[in-house]
2 protein chains.
Amino acid sequence: MATRRKLVGPKAATTPQATGPVTLEMVAAEAKVSPSTVSRILNGTAKVRESKMRAVRAAISKLQFAPNPVARSLARGRSSSIGVVIQTIDSPFYGEALAAIEKTLFRAGYSVLFLSGHWREDDERRCVDHLLARRVEGIILVTSCLPDEELVRLAKKIPIVLTGRSIEAERSYSMDADATPGARLATEYLIGQGHRKIAFIAGPENHPDSQQRLAGYKAALAAAKIPYSVKLVAPGDYSDGGGHQAMTRLLDAKAEFTAVFAANDQSAYGAMLALHRRGLRVPHDISIVGFDDLPTSSYIIPPLTTVHRSINALGEAAAEAMIDLLDGRVPVSKLSSATLAIRESTRSVRG
Amino acid sequence: MATRRKLVGPKAATTPQATGPVTLEMVAAEAKVSPSTVSRILNGTAKVRESKMRAVRAAISKLQFAPNPVARSLARGRSSSIGVVIQTIDSPFYGEALAAIEKTLFRAGYSVLFLSGHWREDDERRCVDHLLARRVEGIILVTSCLPDEELVRLAKKIPIVLTGRSIEAERSYSMDADATPGARLATEYLIGQGHRKIAFIAGPENHPDSQQRLAGYKAALAAAKIPYSVKLVAPGDYSDGGGHQAMTRLLDAKAEFTAVFAANDQSAYGAMLALHRRGLRVPHDISIVGFDDLPTSSYIIPPLTTVHRSINALGEAAAEAMIDLLDGRVPVSKLSSATLAIRESTRSVRG
DNA sequence: TTTCCGTTGGAAAGCGCTTTCAAAAGTAGC
DNA sequence: GCTACTTTTGAAAGCGCTTTCCAACGGAAA
């Protein structure tokens, strides 16, 4: 029977001192209405007499009441928060997307939980479990590395939106921004500039996205009837260091090429440095194009020609798709295609 | 009284079908013990007979039970989550710190809510309010721009840890990694290399951190008895573009200098590009040193000499300080001091 | 065997809100 | 002025856990 944890006596409501956070009940008491009425006003779930309305509003602002979202979540069975799994929260590439996701979701009244999966299956799985445990209402997976079946299974439990992947499942939305056309565009540009010997610095071998970039490169080559040579392809890992190593390897192997297409900008940076170390000049001796258009890419020397995809738009679209999913609508894709930001790291070698 | 929302009959426990998420009560029923016992086992809050222990564990794994953190938060009055307010979530500089915060806090069992304040008072205030409403247990403010009084007031309500700022308040911890020594170090290095005319590209004028960088520059100059000249100081804003503009302005003003100290690496990138555009070579004609040591700084051309402070350590320390605060301990500072990463953007102009 | 004391474990209250249900209060209509 | 509806409102149950309180239990001392 004892009233646990009630730190103040029965006259609590009349004692406005250190009673901790203000509760809805206190507002009700202050406004002399029932808690239900306060709740109804808060949520607009029913019509309430104008006079009470005012009284409650007054009480709310007088007591500085703010509803406890935890209690609300529990009662409603919904948490108003959604989870985002990303490779790493400090990804230079996805950063902008995160910002857009945060902004869009925040506006729509959701809290966002960002978690880093480090592009490792088990880490990512742990993130997802954590998010499920936290009862998020949906999960956005930015280029997940989880197997398809698992994602499909996940989609059965909770709405998910995927970027850089594509699965078939209810209550899910895949935004597979296929990188192939972009990669092809870059390679074609190089070809158009008269280059015939074009090296390629690849990304992580097992990742679909990086495979698409390679595919685009090959496609452009094939279309121009330029034979594809494995000697001109160096493995990288999307990092500056990887690009540096790849270029070094290419150079050491005495591969012949007049241009390089790097699977992403960071690799391009590294490659450029390697070139520089060997006394080769960009674009005079070697042309180079990147992929991603990182913010700094217009400021490095020389400013990098690179494939641009609005990553901000990607984030926004992902967030909007999630909102659509949650509201029971079917998201519509509105991703713009890749363009080439032509800057100063490439030159024509024709006539 | 009607039992609301109870979708299945009284024999619910025996019907293992689509009953939605598994609850502690279901586990209790399955293990034939009371909910209290399950809770005690879950939290280790009391000794429980070995046999029941086993039964409960079995039930848990059989039903795949995971406690609902929302309910738990409500009951405990604690949310096990902490908020982080950052300039922007895609900050190239703080990114690493965020990653460290996430990792450290996650390990300690907390969820992290990242919010972007955009270095604007009202945005930041809104973030803080949101976090308070969400009942986070503590807030980490990464170089907040809120006025001191406000932070002090905030600290009264909730434990906070501050980076790049310093306030006096209970249950708060300031990690004011003063930038002055680092800036001084950079400038002194340049002086040591024989430079006497050293330009400075400043950061945002009103920010304490950027003022410290200027102060360090001035201090080094003074110590070497080199007169300080406003003509050699160009306003910037910590962005690549700002650095580019600043350098352009310096050059247009025909300022004479043989070295530049940029308030941060991004400004340095921009400045280098401006130099390059004018045909000036780094470090042959002009030496340049940056501040922050961004990941790409070792890969740009030429690799940038810059002030290095472990931003990863900063994040880790911030997270640990928060944990200390929450556990009622007094955090102890363990920030290492700034070092200079000497690379290839500077050269000696002596003898 | 009885008494006393330290363990275990269950019943139930409570966290702060939402929502159902039914009673109270208005509004018409006759 | 009274019946028959249609709002508006309050009481109370419930969301899924934690935690207090106390009864039951088991073993040691008597």
Side-chain angles (χ1 to χ4, degrees), chain A residues 1-8 10 12-13 19-56 60 63 65-80 133-135, chain B residues 1-8 10 12-13 19-56 60 63 65-80 133-135:
Chain A
M1 284 302 131
T3 2
R4 185 176 56 107
R5 249 181 280 164
K6 199 136 234 172
L7 306 170
V8 281
T19 323
V22 186
T23 71
L24 176 146
E25 207 167 345
M26 295 164 68
V27 171
E30 172 77 28
K32 305 206 190 310
V33 299
S34 77
S36 348
T37 304
V38 179
S39 171
R40 281 192 271 256
I41 291 178
L42 245 36
N43 301 292
T45 30
K47 220 162 284 178
V48 166
R49 194 167 312 263
E50 185 59 27
S51 61
K52 308 221 171 195
M53 189 93 150
R54 254 197 302 280
V56 169
I60 287 180
L63 299 176
F65 168 73
N68 180 334
V70 176
R72 179 173 274 189
S73 296
L74 183 59
R76 292 215 265 235
R78 309 188 294 106
S79 64
S80 292
R134 280 262 160 193
R135 302 295 196 272
Chain B
M1 297 298 126
T3 3
R4 187 176 54 108
R5 247 178 284 165
K6 198 136 233 173
L7 306 171
V8 282
T19 323
V22 186
T23 72
L24 176 146
E25 206 167 343
M26 294 164 69
V27 172
E30 171 77 28
K32 302 202 192 311
V33 299
S34 78
S36 350
T37 303
V38 179
S39 172
R40 282 193 269 257
I41 291 177
L42 244 35
N43 302 290
T45 29
K47 219 162 284 176
V48 166
R49 194 165 316 255
E50 185 58 28
S51 60
K52 308 218 171 197
M53 190 91 148
R54 253 198 302 280
V56 170
I60 287 180
L63 299 177
F65 168 73
N68 179 334
V70 176
R72 179 175 275 188
S73 295
L74 184 60
R76 291 215 266 235
R78 307 188 297 106
S79 65
S80 293
R134 279 263 160 193
R135 302 296 198 272

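Since this is a predicted model, take the numbers as computed values, not measurements.
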- Query: Of the nucleotides D:dA12, C:dT8, D:dT8, which has the atom closest to the A:Ser36 side chain?
  - Reply: D:dA12
- Select one nucleotide: of C:dT19, D:dG16, D:dT18, the one nearest the side-chain heavy atoms of B:Asn43. D:dT18
- Across the strands shown, which category fits A:Val38 at heavy-atom distances under 4.0 angstrom: base, sugar-phosphate, nothing? nothing
- Message: Taking the nucleotide of DNA chain C with the nearest heavy atom to each, does B:Val33 or A:Phe65 sit closer to the 5' end?
- Response: B:Val33
- Task: Return the nearest nucleotide to the side chain of A:Thr23; candidates are C:dG16, D:dT9, C:dT8.
- Result: C:dG16
- Is the distance from OP1 or OP2 of C:dC17 to the nearest side-chain N or O of A:Arg76 less than 4.0 Å? no
- Check every atom of C:dT8, D:dG16, D:dT9 against the side chain of B:Ala75 and return the nucleotide holding the closest atom. D:dG16
- A:Pro67 near the nucleic acid: base, sugar-phosphate alone, or nothing, with a heavy-atom cut-off under 4.0 Å? sugar-phosphate
- Note on the structure: Per atom distances to the A:Ala71 side chain, the nearest of D:dC17, C:dC17, C:dG10 is C:dC17
- Query: Can you check side-chain contact (heavy atoms from CB on, under 4.5 Å) on A:Val56 and A:Phe65, steps first, answer last?
  - Reply: CA-CA 11 Å; A:Val56 169; A:Phe65 168 73; over 6 Å; no
- Item | Of the listed nucleotides C:dC17, C:dT8, D:dT18, the one nearest the side chain of B:Arg49 | C:dT8
- Task: Determine the contact category for A:Val70: base if any of its heavy atoms lies under 4.0 Å from a base atom, sugar-phosphate if only primed atoms, P, OP1 or OP2 are that close, otherwise nothing.
- Result: nothing
- Query: Starting at CZ of A:Arg135 and ending at P of D:dC15, how long is that distance when rounded to a whole Å?
  - Reply: 14 Å
- D:dT8, D:dT18, C:dG9: which one has an atom nearest the side-chain heavy atoms of B:Ser39? D:dT18
- Task: Please check the phosphate of C:dG9 (OP1 and OP2 only) for any side-chain N or O of B:Thr37 closer than 4.0 Å.
- Result: no
- Nearest whole angstrom, please: distance from the C1' of C:dT18 to the CG of A:Leu42. 11 Å
- Message: What is the separation between atom CD on A:Glu50 and atom P on C:dA25, rounded to the nearest whole Å?
- Response: 21 Å
- Query: Taking only side-chain nitrogens and oxygens of B:Asn68, does any of them come within less than 4.0 Å of OP1 or OP2 of D:dC15?
  - Reply: no
- Message: Please report the distance, rounded to the nearest Å, between NZ in B:Lys52 and C1' in C:dT8.
- Response: 8 Å
- Nearest-0.5 Å distance, CZ of residue B:Arg134 to CG of residue A:Asn68: 10.0 Å
- Task: Would you please say whether a donor-acceptor pair under 3.5 Å links the side chains of A:Ser34 and A:Thr37?
- Result: yes
- Message: Distance check, rounded to the nearest 0.5 Å: A:Glu30 atom CD versus A:Leu63 atom CG?
- Response: 5.0 Å
- Can you figure out which of D:dT18, C:dG16, D:dA11 approaches the side chain of B:Leu24 most closely? D:dT18
- Message: Output the rounded distance in Å from CG (B:Leu63) to C1' (D:dG16).
- Response: 15 Å
- Item | Matching residue for A:Glu50 among A:Arg54, A:Lys47, A:Lys52 - test: salt bridge (charged side-chain N to carboxylate O under 4.0 Å, His left out) | A:Arg54
- Has B:Lys47 got a side-chain N or O lying under 4.0 Å from the OP1 or OP2 atom of C:dG6? no
- Whole-Å distance separating the CD1 atom of A:Ile41 from the P atom of C:dT18: 12 Å
- Note on the structure: Output for pair (A:Ser73 OG, A:Arg78 CZ), nearest 0.5 Å, gives 8.5 Å
- Which of the following nucleotides, C:dG16, D:dT9, C:dG10, is nearest to the side chain of A:Arg40? D:dT9
- For A:Arg78 and C:dG16, what is the distance between atoms CZ and P respectively, to the nearest whole Å? 21 Å
- Query: Between A:Arg134 (CZ) and D:dC17 (C1'), how many Å, whole number?
  - Reply: 14 Å
